Amino acid sequence: MSSSPLPRRHLLTALAAASAGAATTAQAAPAKPQPADDGPPHKIVYQLNHYEPEYQEAVLNSIGAVLKKYVDDVSIVVVAWGPGIHLLAKKPKRAVAPLHQQRIRSMSESYGVTFIACGNTMHTIGWEKADMLDFVKVEAVGAAAVMELQEKGYAYIAW
């Protein structure tokens, strides 16, 4: 098993600590590894797989609460598949509250929330990328997108 090299600042800190330890008889505590700087400290991915207005309202309210609490210290991704994908469509085939589409556009534009549509679900419905709202990204398989985000440290939220 190989270990990845420490970032330069951690290497310099470790060298400085070692030099200080050699000059004195006191033992210096080992440098604590720091996480790589790969974005905000908080990361969350929401599953959106139902079209019912109450369900979508609950998910959007949760996203709003997380944004309020963490402001710029959070990265939020919403992955939609199955009936939930209609929220992301220009012309949904199921009833979608216009207010919900306004909210997701605002979340995307104002807060950087990423919305991903499942390409597998889109294929089943007969939709193309052009059928989705302009800020929506498409991934081949929504479940795989969630898995890959979890591998990058995103907490997975579904209900």
Side-chain angles (χ1 to χ4, degrees), residues 1-11 31-159:
M1 184 163 103
S2 66
S3 61
S4 60
L6 290 174
R8 179 182 232 153
R9 70 177 180 273
H10 298 296
L11 180 61
K32 185 176 180 182
Q34 299 296 317
D37 185 21
D38 57 352
H42 306 288
K43 299 173 186 152
I44 189 167
V45 56
Y46 284 87
Q47 169 185 312
L48 182 74
N49 65 336
H50 296 281
Y51 74 92
E52 296 85 3
E54 300 81 13
Y55 168 82
Q56 292 182 355
E57 182 78 18
V59 172
L60 296 177
N61 287 344
S62 177
I63 294 167
V66 170
L67 287 169
K68 184 177 179 181
K69 179 172 179 153
Y70 295 108
V71 191
D72 292 331
D73 286 339
V74 66
S75 174
I76 300 174
V77 179
V78 179
V79 181
W81 64 73
I85 202 166
H86 295 273
L87 179 63
L88 307 183
K90 289 177 184 172
K91 295 180 182 178
K93 293 182 179 181
R94 294 186 183 222
V96 171
L99 178 60
H100 289 169
Q101 285 193 324
Q102 290 171 2
R103 287 180 72 186
I104 65 170
R105 179 175 296 281
S106 176
M107 289 174 172
S108 174
E109 293 173 354
S110 300
Y111 300 99
V113 175
T114 300
F115 290 88
I116 297 175
C118 173
N120 203 30
T121 300
M122 290 171 59
H123 176 73
T124 299
I125 297 172
W127 283 346
E128 302 287 330
K129 168 69 172 133
D131 294 308
M132 307 314 290
L133 297 169
D134 60 334
F135 58 89
V136 172
K137 296 179 179 181
V138 176
E139 291 288 336
V141 180
V146 169
M147 178 190 68
E148 291 169 3
L149 287 163
Q150 286 182 287
E151 291 170 350
K152 293 177 182 176
Y154 280 72
Y156 178 47
I157 305 298
W159 66 84

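Owing to the predicted nature of the structure, the values given are computational and were not obtained by experimental measurement. Just so you know, these numbers use all the heavy atoms, side chains as well, and skip hydrogens, waters and symmetry mates.
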- [ ] Compare all side-chain heavy atoms of Val66 with those of Ile157 and state whether any distance is below 4.5 angstrom.
- [x]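 No, every pair of side-chain atoms sits at 4.5 Å or beyond.
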TODO: Side-chain contact test, heavy atoms from C-beta onward, threshold under 4.5 Å: evaluate it for Val59 versus Trp159 and give yes or no.
DONE: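 Yes, at least one pair of side-chain atoms sits under 4.5 Å.
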Task: side chain to side chain donor-acceptor pair (under 3.5 Å) partners of residues 144-153, not counting sequence neighbours, each pair once - done: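 Listed once each, the pairs would be none.
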Open item on the list: By the side chain to side chain donor-acceptor pair (under 3.5 Å) test, which pairs, at least two apart or in different chains, include something from residues 86-96?
Closed with: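 Every candidate side chain to side chain donor-acceptor pair (under 3.5 Å) pair involving residues 86-96 fails, so no pair, neighbours aside, qualifies.
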Task: Main-chain N/O of His50 paired to Gln56 side chain as donor or acceptor, under 3.5 Å - done: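 Present.
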- [ ] Give a yes or no answer on whether the side chain of Tyr55 reaches the backbone of Asn49 with a donor-acceptor pair at less than 3.5 Å.
- [x]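 Here the side-chain-to-backbone pair exists.
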Give the minimum heavy-atom separation between [X] and [Y], together with the two atoms involved.
X: Ile85; Y: Ala80; value: CA-CB, 3.9 Å
X: Ile116; Y: Leu88; value: O-CD1, 3.7 Å
X: Cys118; Y: Trp81; value: CB-CB, 3.5 Å
X: Pro83; Y: Tyr51; value: O-CB, 3.4 Å

Less than 3.5 Å apart, which donor and acceptor atoms pair up between the side chains of residues 127-145 and the rest of the protein, not counting sequence neighbours?
from	atom 1	to	atom 2	distance (Å)
Lys129	NZ	Val136	O	2.3
Asp131	OD2	Glu128	N	2.7
Asp134	OD1	Arg105	NH1	2.9
Asp134	OD1	Arg105	NH2	3.0

- [ ] Given side chain to side chain contact (heavy atoms under 4.5 Å, CB included), test Phe115 with Tyr46 step by step and report yes or no.
- [x] CA-CA 9 Å; Phe115 290 88; Tyr46 284 87; over 6 Å; no
From [X] atom [atom1] to [Y] atom [atom2], the distance as rounded to the nearest 0.5 Å:
X: Leu48; Y: Leu60; atom1: CG; atom2: CG; value: 7.5 Å
X: Ile76; Y: Ile63; atom1: CD1; atom2: CD1; value: 6.0 Å
X: Leu67; Y: Ser110; atom1: CG; atom2: OG; value: 10.0 Å

Sequence-distant partners of [X], side chain to side chain contact (heavy atoms under 4.5 Å, CB included), two or more places apart:
X: Ala97; answer: His100
X: Thr124; answer: none
X: Ser75; answer: Pro40, Lys43, Tyr154

Task: side chain to side chain donor-acceptor pair (under 3.5 Å) partners for Tyr111, two or more places apart - done: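 None.
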Task: Steps toward side chain to side chain contact (heavy atoms under 4.5 Å, CB included) verdict (Ile104, Val78) - done: CA-CA 10 Å; Ile104 65 170; Val78 179; over 6 Å; no
Task: ring-ring contact (aromatic ring centres under 6.0 Å, His included) involving His42 - partner list, sequence neighbours excluded - done: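 His42 satisfies ring-ring contact (aromatic ring centres under 6.0 Å, His included) with Tyr70 once adjacent residues are dropped.
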TODO: Keeping to residues at least two apart or across chains, list the salt bridge (charged side-chain N to carboxylate O under 4.0 Å, His left out) pairs with something in residues 75-86.
DONE: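 Counting only pairs at least two positions apart or across chains, no salt bridge (charged side-chain N to carboxylate O under 4.0 Å, His left out) contact touches residues 75-86.
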Open item on the list: According to salt bridge (charged side-chain N to carboxylate O under 4.0 Å, His left out), does anything in residues 51-75 pair up with another residue at least two apart or in another chain? List the pairs.
Closed with: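 Residue pairs passing salt bridge (charged side-chain N to carboxylate O under 4.0 Å, His left out), neighbours aside: Glu57-Arg103.
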